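Let me give you the structure first, and then I'll get to my questions.
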Amino acid sequence: MTQTTLGVDALLDRARTSIPAGRVPIRIFNDQEIFEREQRNVFGKAWCFLAHTSEIPKPGDYVVRSIANNSIIVARDEHGDVRANLNMCRHRGNQMCKSEMGNASHFRCSYHGWVYKNSGELVGVPYFQEGYETKLNRQEWSLINVRTDQYGGLIFGTLDPDAPSLEEYLGGFQFYLDMYLKQSPGGSEVFAPPEHWTAKVNWKICTENFTGDGYHTAVTHQFAVELGYFPSSGSTHYQGWAVNIPGKGHGIGLGHTPGLAPFAGFPDDLVTTIGRSLTPEQMEVFSKTRTAVGSVFPNLSFLIQPFSVKPGEAGVRFCTMRLWHPVGPDQIEMWSWCLVPVDATDEYKQAAYDAYTLAFGQAGTFEQDDFENWTNVTRQAGSSLARDADFPYLMGLDGKVLDDWPGPGEAVSPYVTDRNFRNQWATWLSYMLDEV
Amino acid sequence: MTQTTLGVDALLDRARTSIPAGRVPIRIFNDQEIFEREQRNVFGKAWCFLAHTSEIPKPGDYVVRSIANNSIIVARDEHGDVRANLNMCRHRGNQMCKSEMGNASHFRCSYHGWVYKNSGELVGVPYFQEGYETKLNRQEWSLINVRTDQYGGLIFGTLDPDAPSLEEYLGGFQFYLDMYLKQSPGGSEVFAPPEHWTAKVNWKICTENFTGDGYHTAVTHQFAVELGYFPSSGSTHYQGWAVNIPGKGHGIGLGHTPGLAPFAGFPDDLVTTIGRSLTPEQMEVFSKTRTAVGSVFPNLSFLIQPFSVKPGEAGVRFCTMRLWHPVGPDQIEMWSWCLVPVDATDEYKQAAYDAYTLAFGQAGTFEQDDFENWTNVTRQAGSSLARDADFPYLMGLDGKVLDDWPGPGEAVSPYVTDRNFRNQWATWLSYMLDEV
Amino acid sequence: MTQTTLGVDALLDRARTSIPAGRVPIRIFNDQEIFEREQRNVFGKAWCFLAHTSEIPKPGDYVVRSIANNSIIVARDEHGDVRANLNMCRHRGNQMCKSEMGNASHFRCSYHGWVYKNSGELVGVPYFQEGYETKLNRQEWSLINVRTDQYGGLIFGTLDPDAPSLEEYLGGFQFYLDMYLKQSPGGSEVFAPPEHWTAKVNWKICTENFTGDGYHTAVTHQFAVELGYFPSSGSTHYQGWAVNIPGKGHGIGLGHTPGLAPFAGFPDDLVTTIGRSLTPEQMEVFSKTRTAVGSVFPNLSFLIQPFSVKPGEAGVRFCTMRLWHPVGPDQIEMWSWCLVPVDATDEYKQAAYDAYTLAFGQAGTFEQDDFENWTNVTRQAGSSLARDADFPYLMGLDGKVLDDWPGPGEAVSPYVTDRNFRNQWATWLSYMLDEV
Amino acid sequence: MTATITRVPVRGEVRESLRDFLYLESLALDEHRFSDWLAMFADDAHYEIPVRVNREKLAEWELSPNGRIFSDTKETLDLRVRRLETDFAWAEQPPSRTRHYVTNVLAFETDLANEFLVRSNCLVYRSRGSDAEATWYSAQRRDRIRRDGDGWLFVHRWAALDQAMINARNMSIFV
Amino acid sequence: MTATITRVPVRGEVRESLRDFLYLESLALDEHRFSDWLAMFADDAHYEIPVRVNREKLAEWELSPNGRIFSDTKETLDLRVRRLETDFAWAEQPPSRTRHYVTNVLAFETDLANEFLVRSNCLVYRSRGSDAEATWYSAQRRDRIRRDGDGWLFVHRWAALDQAMINARNMSIFV
Amino acid sequence: MTATITRVPVRGEVRESLRDFLYLESLALDEHRFSDWLAMFADDAHYEIPVRVNREKLAEWELSPNGRIFSDTKETLDLRVRRLETDFAWAEQPPSRTRHYVTNVLAFETDLANEFLVRSNCLVYRSRGSDAEATWYSAQRRDRIRRDGDGWLFVHRWAALDQAMINARNMSIFV
Ligand code: FES
Ligand code: FES
Ligand code: FES
Ligand SMILES: [Fe+3]
Ligand SMILES: [Fe+3]
Ligand SMILES: [Fe+3]
C-alpha cells in the first residue's frame, strides 16, 4: 500500500467501473473535497426534502429547513400555496425567521426593518422616500425563491431551476413511498415536531443503511435478538426483497417473515380499509412486507415495522421518516419524524409514537446502536491507509431481477444484498461527475 | 439561480463596476478565501489601530495588541518613545509577554532565557560564550519590528514598510476624528482597560454599520424608541450628513436633531472651552452633530452621542472606540474602549463611562442587538444560494455632494444613505486587487 | 518585511541551503500545508513507534495505537508474533477495537458481524451462503496490514512497504537507545499504561527539545534551580556531549556533571550488574552520563536522569519514553510511558515511577513548564510576520566532531549546541522533498 | 410554574433526605448500576424528556406538548436497563463516563402528603472512549418523589434539555 | 478576601434560607421572570461585573479597579428588564435558554446584623436558537444580602467572570 | 464501591461541616492560596489521581491499578506548592483562573470514628490568559477526612478524571 493518493477526479473516474463491479472507494465516506463537490453537484441539483404538508396546515404556518448550507423558510401563503424562500434578508443578509416554526403573514427584518410577505415578496422598505428617493425596484429584491414540488404530502425543493420534474425524479418510487405516506385512506401525518441532533457521521452511511441494509440488523441490534424483540429470527431474517429504481438512486428493502399477518401491528380497522387508496399491485407487495426500509436519493429515508415491548406480541406498526442533513464530511444534522395514519384513533397514534421513541428517535434503542457504528465508520473511513482502497459491495452481484414483480423498478430476492447500494452510489457518481 | 460559483478573482473583478453602481457581492461577508486575501492585502498593508497613548503613559508601560494574526507588544521605551514589536522570541519563537498589559524595561524569554529591551533590542543570550562561541550577531536577532505612527493619541501600526504616511492615509479624516479625540482642550483619554470578547461576526459588517448606518437605528434599537430613550424620533432620524474621504475608505455619519443644544450632554464648562483646540470649521460641524458614528478604514470605529437613563433629560455625552479584529471569515475579537474628556471632572468621566456600559460594551443594551443581527447576517451571508448575488447599496446613488460643506471629504445629506459604504467597499476592493 | 509569502515548495527548497547554515524556517512549526505533507511524506514513510513488547506480553494481548491518522491494532497473535493491522473493518469500515488495550483471539465487527483473527485474517462472514453465494474471496478482505519490526522491545511500524529495514533506519542509534532499553540485564519494561493528553503544540518543537536541548533546562525549569532540585548547576550545565546519526535524524544529548557517581540514582545491585548486557564502549559513555535525552526520528523520545525530592540526595534514576503524535499543525496527542529496569525490586520500580510522575507525566513539575512554552511557541510560529523568517540554529556551527568518541554517529562537546537539531531538520527536509 | 417562587420550599431534614436521594441516584447512574437505579422508581413511574423546538419569545410553547425524546414507563425503562446489561448495547461500548452535577435542589409540598415536587438543575458530563471532547447535557428537572418507608421512590422524572439541537450522537444515557 | 478562610461560615437555617434565596433567584432568571427577579433587589442595590484583564502573577490587579461590564443600579436594572419585556430585544429573540448552576454557597456574617456576605460559584449554561454549541459563563459571586421580613433582598451582587476574553457575542443575560 | 448505595449517608451538622470544608478548600485553590490549601492536609496525607485507560465494558479495570497522574505525599505536595510560589512556574504564568464546582457531596462513616469518607463530584473550569476556550476537568472524588479539633484535615484525596484522553496541555492545577 503506497502513500500516493489519487486526486478526487481520478478517484471518481475509477469508480465508474468499480462501483458496478461491486467496489466503492472508502474515501467517499469521509473527505473534505468530496463533501464540497457533493454540496454543489448533489445537493445543488437533486430534489431535497423540506417538510411534510401536515407540518404547515394553515395559511401563515411556516417551518425553517435546510438544503446544503441554505436556511429555507417553507411557508403556506395566504392562498394556501406552499412557498420556499432563502431565509436571508435581501438588504444586508439578516436572518428573517429565527425560530423553527410559527405562523406569520409577513416577516419583518430586525436590522433595518424591510418587510416581506410570507411568500417572499418585498412589501415594505423604511425611508423609501427619504433614503431611496423611491428608486428601489422592490420586485427585484424579494427573498431568493426556491423551487418546490410535492408528492403524497412530502414537500421537496431543488436549488436547480433546470432540474427535471419531481415526478420524473422519483421515477416510480412513489409506488413504495405510499407504504409510509398512505398508512390510512386519509393518508399519513406527522405526529409531533421532529427531533434533531448532530452526529459525527457521513450522511451516505446513513442513507445506505436505510436503503435496505438487512445485513446489519441481527448484529447491530443483537440486543433485540437476545431479549426477544424481533419478529424475525436470524435464520429467516435475510428473506424478502430489495427493489431499486435504476439510475435514480432510490431503493427499498422489504423484509418478509413467513406466516406473519399482513400489516401486522396495524389495528384491524386500518388493515381492512388501507387498500382503499392503494392499487392491487401495492396491496400485493405491502401485505407481505414486515419491515420496509427505503430511501429517496439523496438523503431522505423511511422505516415502517411492527414493534412490541412484550416479546411475541404483535405490538404496533410505527413509521419513521428521517433526513440525514450533511453539514461536513463527517457530520450531519439529524432530523427524525414519526408518521402516523391520519385515520387511526388518538390512542393508536400515541402508541405508534411511543414505539417510535423507544426504538428510533435520539433515545431509541435501535437508533443508538446505529449511530454508534456510523460514527465509528465515519472516523475510520478517513484513515490515510484506506484512501485508495475500496469496500466490497459484492453481495448479489449475479442476482437475477424478478420477472414477475408487481411494482416498478428492479426487484431481487433475498432482501440481504448490495444491489440497491450499487445503484445508489452509481447514481451519486453520475451527479458528482455532472452527468445526470 | 445556477450553482456555478464565480472564483474569487472573477468575483472581485465584477465588483469593480458593481460596487460604484450600488451592488456589493454578498459573498465577501463570509468566505474563507476572501478572508485569507484580506489578511494579506488589507491587514498586511493598511494602517491598523494598536493602542491609545493614554494606555501606556509611562516608560516601560506596554500593552499587547494584534494586527492580522500577529501578537504585537506596544511599549513605551526608556526614552518615552512608542515601539511596536512582534511578540515572538527570535530564538525559537516563544511568546515574550504573556499578559495584556504591564510595565517592564526588559523582556526575558521563559524558554532559553534570551533578554530583550522593551524596544525590541536583543541584549542577553545565555551561554553566549560556551554555546555560540560569541559568534551570534545579536543585532540581527532583535524582535521583529512593526512600523508605527500616531494621530491625536491613536497609535497605528502597519506591516507594510512601504505604506504611505499615516497622515496621507487618513487623508483629512483627522478633521472628524477630533470629535472623539479632542473632547476637551486637554484631549481625550481611555477610562478603563478595554473589554474584549469574541463573536461569530464578519468584521466588515461591523465597520460598515459604524460608518454611518443611521438606517438601522430605529429598527435594531427599537426598544429604545419604545421606551423613550432616543433623543431623535423616527421622523427626524434620517436627518444629518454622511461624509467620506474618497479613495481612503474612511467615513462618518453625523446625526442631527433640530433644536438640540450644541454638544448636548457635555457639562457646561466643557461646552464653553471645547472650541479652544478646534478650528472654526470643526466647531461649525461638531456643534450641530447629535450623534457621530464613524470609522477609520479598515476596522477602527467610534461613536459619540448623548444618553440619559431618564427619557427626555440631556444625560451625558459618551464616546466609544472599538476595534473589530478579524480572526476568521465569520469571527472577530471585539475590543471596546470608552474615551472621556481629559479635562472633565472625575464624576463626569464616571457618568460617561456608566452610560457607555449601559448602552455599549458587551452588556450594552444597544450593543447586544447589533451583535445579534450581525451574527445572523454573517451566518446567512455564507449561504450557497447567495454566493453569486449582491446586496443593494442603492441609497443616495444620485445624491449630490454639498458644495458648502466646511470639512474635508465629500458630504451629502441626509444622514441615511449608502454613499459612505460604497466608498468603503470600493477602497477595500482596491486593496484586495493590490491597486492601492 | 513584505507580505509576499513563499510557497511551500520554494520554502523547502530554500531550506536545503539554509538549514546546514543554521537557519530553519519558522513556518514549518505551524502550517497546515506543511502538516499535510508531513503526514504523507514523513509519517507515511518513516518507522513510527507503536508499542513496547512488555505492554502485550501474552498471546491475544493487544493495544491500539496510531500512525498518522490511522488507528492500528498491535496484537500478539496465537503464535506469539506481533501483528499490526488497521483498526478498520474491511466490509464497511467500522472500528474493530473500541478500547485501548485488551486480550482477544478474534475481533467481531459490531455492524454486520464480520470476524477476524487477531492477526488480521478474515475468518467469519454472516450470510456467506445466502448473501454472497459463497463467492466472496475472504483472503482479499482481511484487515489492512501494517509492516512492523522491533528493536530492544520497541515495536515500530511503517506505512511504506518499501522502507529500508529498521536496523538500517536506526543506523547505529541502537547503541544509545540501550541506555533506556537495557536498564538491567533483563532489560526494561513499561511500568503502567501510558498517560495521554492533547496539547496545542507542534510535534517538532517537542522532538527537538528532547534531542538534547540542554540550553533550555536552567531557564524553563528554573524553579528547580531555585529550589535546589538540580544535580547540575548553571555553571556546569552545558557540559557533556551531543551525538547524532547523520542523515538519519536521530540524536541525543548527554549531560555530564563532573564528580557525579556513575549511574547515579540506580540502586547498587543494578549499578554492578548493568554492564552485563552492555558493551565496554557503551559502559564508557553511559557511566559518565547524568542525563540522557534523545529522540528517534521522527517523534519518539526518551529521557533518563536521577531525581530526588530531597535536594542534594541521589534519589532515583527514572526513565520516560514519549510519543509526540501529531494530529494537526498545532496539535498533538501526547503519550507518556515510564520505563523501569526489569530486574529492579518492586520498591525501586515504584520509586522510579513516583519520581517520573512528579517530574514528567501530565502533572510533572518539569513537563508542565515545557508544555507551556511549547504551546506558546506553536501559536507564535504561525504569525504572518514570521512566515518568511528563520530561527537561528547557529550554536556549534563550527564545532569539531570528536575523534575518539567510543560510540556511533558524530559527537561534539559541549552538550549545549544546535548540531543535533540541524541534522534532525535536514533529515526531515529530505523526507519532505521525497529524497530519502 | 411561575407560581413556585411564592411557595416556600420545604427545608430541613426532609429536603436533605430528598436531595440525598437525587445524589444516590446519580451515583447509581455514574457507576453504571442500572438495576439499582431502576429500583428507585415506583411501579407506576413515568420518565419523560420532551422535544424542545426553537420558538420565538411569544410562542405558546417551546417544549412540544406531544413530542418526546423519552416517554417511558417502568416497563420500558426495564427494557432499556436489560438492554444495557447485554453484551450488545454497542452505543455504550465502551461505556460512557458520565458525571451528573446536581444543583439548585428545591423541594415543594404537593397535594399528596407523601409526595414532594423536587426541582433541580442537572448538568451531565459525558466522555466516550478516547475522545478529547466531552458531550454536555444541561437539564432542568421536576421530579415527583414519593415516600417509601425510610426511603423514597421516583413517581415522575421530568427533565427538559436546554437545547433544541441536541449536540450528541445519541441519548444512550439517562439524565 | 484572603481572610475569609479563617472566618467560620454561617450554618444551619440561616444559610439554608440564603442558599434557597439564590436558588429561587436562578429559577426566576431561567424561567425568564425578570420582574420577579428585579423584585429580589433592594432599592439601593448595586449589580456589578468588573472587566477582567489578562495579567501576570504579581500584577496589582487582574479585575480592573474601574472597568465594568455591568455597573447597574436598580434604576438601570429596571431599564434592562423593561427592555427585555418589549418585543424588540432582538438579542433575546429567541430567548436564551439559561441554566444557572449555583454551588459552593458559603455565608458569612458582616458588620451589620441583618446583612450577610454570601459567596457562591455560578456556572451559566446558555443555549440559543438551534445552535449545537452552548455558551458558558463561569463566575464567582460575592453577594451582600439583607434580611427583609421573612425573606431576603440583594443589596449587592458582585460577580467576576473567569475569562479575560469573553467567549460570547453578548451579555444579554444575567449571571 | 457498589455497597455505598445501601449505606445511609451522614447527615445534619457533621455533613454540613464536611461540605463546608470542601468549599473552603475550593476557595483556597481558586484564590491561589496554595499554602492555606496545603495546611488542610494531614501530615500522612496522600493525594492521588489514577490514570484512566479506555477499556471495554467487561474489563477488569478502567482506572489503572498502578498508573498515576498524581501520587503525592504531603512532602511532594509541598514541593509543588513551593514551586508555584517561585516566579518561575511558567505553567501558571499567567495563573490559571480555576473555579471548582463541588456538588453531590455525600458523607459516610468509616471504621474510624473520627474519619469520614466524603464523596463528591467536582467540575473544574480553567481559563488561561486571553484564551476564548476554557479547559474542563470532570472528576469524581472520594476523600477521607479526619476530625482535627474544631476543623478537619484531608487524609486522602482520591480523584478520578472522567476522560481517558485528557484535553489539557498540562495538569498544573489541583482537582
Ligand atoms: S438587513 Fe434586513 S433590512 Fe437591512
Ligand atoms: S525561544 Fe526564547 S530563548 Fe529560546
Ligand atoms: S462494517 Fe464490519 S461487518 Fe460490516
Ligand atoms: Fe439499524
Ligand atoms: Fe446599532
Ligand atoms: Fe524541559
Side-chain angles (χ1 to χ4, degrees), chain A residues 1-5 22-24 26-27 29-30 202 205 208-209 213-222 234-239 369-370 372-399 413-419 421, chain C residues 36-37 39-46 66-72 84-98 108-115 122 124-133 135-138 140-141 143-147 157-163 434:
Chain A
M1 171 120 340
T2 80
Q3 287 290 301
T4 21
T5 292
R23 290 165 188 262
V24 174
I26 294 176
R27 180 169 166 195
F29 294 102
N30 186 352
N202 183 283
I205 297 161
E208 173 181 307
N209 182 281
D213 185 345
Y215 193 44
H216 87 296
T217 316
V219 176
T220 295
H221 309 297
Q222 190 164 355
S235 63
T236 62
H237 186 74
Y238 63 95
Q239 296 189 21
D369 294 330
D370 281 328
E372 183 73 15
N373 282 333
W374 300 341
T375 304
N376 289 335
V377 167
T378 301
R379 195 193 308 104
Q380 303 308 93
S383 304
S384 73
L385 262 172
R387 285 183 81 70
D388 297 335
D390 296 320
F391 287 138
Y393 282 68
L394 297 163
M395 265 199 289
L397 201 56
D398 305 325
S413 184
Y415 170 31
V416 169
T417 176
D418 289 327
R419 188 179 177 91
F421 315 147
Chain C
E36 287 169 16
R37 195 185 290 215
Q39 290 289 100
R40 211 166 48 235
N41 285 15
V42 179
F43 294 92
K45 303 213 161 173
S66 298
I67 297 179
N69 72 346
N70 304 287
S71 172
I72 293 169
N85 288 288
L86 186 66
N87 188 14
M88 183 193 77
C89 181
R90 285 300 276 120
H91 176 246
R92 284 296 184 276
N94 199 13
Q95 185 177 354
M96 296 306 305
C97 290
K98 292 156 181 174
R108 172 171 177 264
C109 180
S110 61
Y111 196 174
H112 309 88
W114 282 24
V115 175
L122 176 63
V125 172
Y127 297 123
F128 187 62
Q129 171 79 52
E130 300 87 343
Y132 288 100
E133 298 152 341
K135 287 177 192 159
L136 188 86
N137 175 0
R138 275 172 290 200
E140 196 188 341
W141 302 101
L143 296 181
I144 293 177
N145 186 253
V146 174
R147 181 181 162 199
T158 178
L159 306 186
D160 180 7
D162 304 323
D434 244 328

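Each chain gets a letter, A, B and so on, in the order its sequence line appears, and its residues count up from 1. Note that the structure is predicted; figures quoted are calculated from it, not measured. Because only heavy atoms are used, hydrogens play no part in the values below, and waters and symmetry mates are left out as well, while side chains stay in.
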Quiz item: Got a donor-acceptor contact below 3.5 angstrom from the C:Arg147 side chain to the C:Pro161 backbone?
Solution: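 Yes.
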Quiz item: At a heavy-atom separation under 4.5 Å, does A:Pro392 approach chain C through its side chain, its backbone, both, or neither?
Solution: both
Quiz item: When heavy-atom pairs shorter than 4.5 Å are enumerated against chain C, which of A:Thr375, A:Leu394, A:Val416 gives the highest number?
Solution: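 Most pairs with chain C among the choices: A:Leu394.
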Exercise. Answer yes or no: is there a donor N or O on one side and an acceptor on the other, between the side chain of C:Asn69 and the main chain of A:Ser384, under 3.5 Å?
Key: yes
Quiz item: So, the side chain of A:Asn30 versus the backbone of A:Gln380: is there a donor-acceptor pair under 3.5 Å, distance only?
Solution: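 Between the backbone of A:Gln380 and the side chain of A:Asn30 there is no qualifying donor-acceptor contact (under 3.5 Å).
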Quiz item: Hey, is the main chain of C:Ala46 close enough, under 3.5 Å, to the side chain of C:Thr158 for a donor-acceptor pair?
Solution: yes
Self-check item: Choice from C:Glu133, C:Arg108, C:Arg92 maximising heavy atom contacts with chain A below 4.5 Å
Solution: C:Arg92
Quiz prompt | Under 4.5 Å from a heavy atom of chain C, the part of A:Asp213 involved | solution =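 Interface part for A:Asp213: side chain.
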Practice problem: Quick one: sort the C:Tyr127 and A:Tyr215 rings into parallel, tilted or perpendicular, breaks at 30° and 60°. | Solution: tilted
Quiz prompt | Point-to-point distance, once rounded to the nearest 0.5 Å, from CH2 of A:Trp374 to OH of C:Tyr111 | solution = 6.0 Å
Self-check item: Between A:His216, A:Gln222, A:Glu208, the one whose heavy-atom pairs under 4.5 Å with chain C are most numerous
Solution: A:His216
Practice problem: Check whether C:Asn87 gets within reach of chain A through its side chain, its backbone, both or neither, counting any heavy atom under 4.5 Å. | Solution: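 When you check distances to chain A, atoms from both the backbone and side chain of C:Asn87 fall under 4.5 Å.
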Quiz prompt | chain C contact via A:Glu372 - which portion, at a heavy-atom distance below 4.5 Å | solution = neither
Practice problem: Check whether A:Asp369 gets within reach of chain C through its side chain, its backbone, both or neither, counting any heavy atom under 4.5 Å. | Solution: neither
